[in-house]
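Please read the structure below before turning to the comments.
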There are 2 protein chains.
Amino acid sequence: MGDLPNLPKSEMQVARIVWRLGEASVRQVFEALPSQRDLDFYTVQTYLRRLEAKGYLKKRRDGRTNVYLPAVKPQRVIRQVVDDVVDRLFDGNSMPLVQHLIDERNLTKADLDALQAKLDELKTRSRKG
Amino acid sequence: MGDLPNLPKSEMQVARIVWRLGEASVRQVFEALPSQRDLDFYTVQTYLRRLEAKGYLKKRRDGRTNVYLPAVKPQRVIRQVVDDVVDRLFDGNSMPLVQHLIDERNLTKADLDALQAKLDELKTRSRKG
DNA sequence: ATTCCACACGTTCATTTGAACGCAATGTAT
DNA sequence: ATACATTGCGTTCAAATGAACGTGTGGAAT
């Protein structure tokens with residue numbers, strides 16, 4: 001249950017690449033950076049090291065290179081970040097955030113349909129459960 | 001449309017109190033702090049000063065004390081923070097966040113109903129629009 | 001008028017974050 | 001075997017953040 005250390009913006013960006021790739025060396029992460037985001041190789045290295053120190057990533061040795069892989073499930077991190085924002089913005093209530101998302105982002109028709117489907121599903125489940 | 005400066009966690013907590021109160025002196029904010037959160041009076045003072053410097057709050061003089069009040073609408077800040085988290089977590093797609101909220105937070109029946117109502121409303125509107 | 005308190009303002013200070021180096025060690029190509 | 005290129009690891013550095021202090025001043029109570 002121990003809360004994870006802070007996961008700042010820049011480091012998370014790097015962490016997400018590892019999540020996506022499953023596992024990756026510094027270079028692989030470096031090369032997988034979105035083109036807009038141009039960080040020095042050294043910097044990527046530093047962030048990965050920090051992520052390991054904080055317990056977000058594990059390190060494996062492959063020859064002389066380190067291969068980083070997730071140490072915690074993305075789900076957990078997402079949850080934490082969302083918790084945090086919900087706390088900060090809405091005193092811990094999720095609903096206002098949902099409302100905001102639906103009101104202020106213009107979701108596509110497809111999105112709304114998906115949402116409807118999910119609602120139907122939940123309704124069914126609660127009727128049964 | 002200029003982006004607002006960073007609004008860190010601790011400072012936002014203080015800013016929200018001002019939003020809620022409409023306007024407030026340092027002491028009022030200090031006293032309105034949730035009991036869990038115990039900051040020094042000085043610290044509150046510092047945060048308010050920074051918030052003013054960043055353009056989130058305005059300052060008015062009332063006798064010898066400063067009274068702080070919002071300089072930007074909370075809506076704007078909320079939007080910015082949510083944008084940020086959506087970018088960081090889901091590459092800018094709101095839907096996954098909505099999904100997460102519905103799946104992982106257990107919303108109450110009432111919440112779901114409210115959601116359904118909103119969906120219905122949107123559906124109607126899009127049919128007309 | 002004097003004392004005292006509260007406040008503004010300027011300052012400080014440690015930690016974290018964002019970003020990058022340098023060098024020694026290790027591999028790879030020749 | 002030698003040279004070259006890549007890494008790991010330790011370090012650095014500035015800016016941002018979290019938190020608090022000290023002094024001077026201006027009002028309020030005596």
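We name chains A, B, ... by the order of the sequence lines, and we start the count at 1 in each one. Note that these values count all heavy atoms, side chains included, but never hydrogens, waters or copies made by symmetry.
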| query | If only side-chain N and O atoms of A/R27 are considered, is one of them under 4.0 Å from the OP1 or OP2 phosphate oxygen of D/dA5? | reply | no
Polar pairs (N or O, both sides) under 3.5 Å between protein and nucleotides 25-30 of chain D?
none

| said: If you compare every side-chain N and O of B/N66 against the phosphate oxygens of C/dC9 (OP1, OP2), does one of them come in below 4.0 Å? | reply: yes
| said: Taking only side-chain N and O atoms of A/Y47, does any of them lie within less than 4.0 angstrom of OP1 or OP2 on C/dA19? | reply: yes
| message | D/dA16, OP1 or OP2 - any side-chain N/O from A/K9 closer than 4.0 Å? | response | no
| query | Can we say A/K54 and A/E11 salt-bridge, meaning some charged N sits less than 4.0 Å from an Asp/Glu carboxylate O? | reply | yes
| task | Kindly say if B/K54 contacts the phosphate of D/dT17, meaning a side-chain N or O under 4.0 Å from OP1 or OP2. | result | yes
| query | Just to confirm, is there a sub-4.0 Å distance from OP1 or OP2 of D/dA19 to any side-chain nitrogen or oxygen of B/S10? | reply | yes
| request: Assign each of B/Q45 and A/L7 to its nearest nucleotide of DNA chain C by heavy atoms, then name whichever residue's nucleotide is nearer the 5' end. | output: B/Q45
| request: Can you tell me the distance, in whole Å, between the OH atom of A/Y42 and the P atom of C/dT17? | output: 24 Å
| Can you tell which of D/dT7, D/dT11, C/dT11 lies closest to the side chain of A/F41? | D/dT7
| query | Is the distance from OP1 or OP2 of C/dC7 to the nearest side-chain N or O of B/T65 less than 4.0 Å? | reply | no
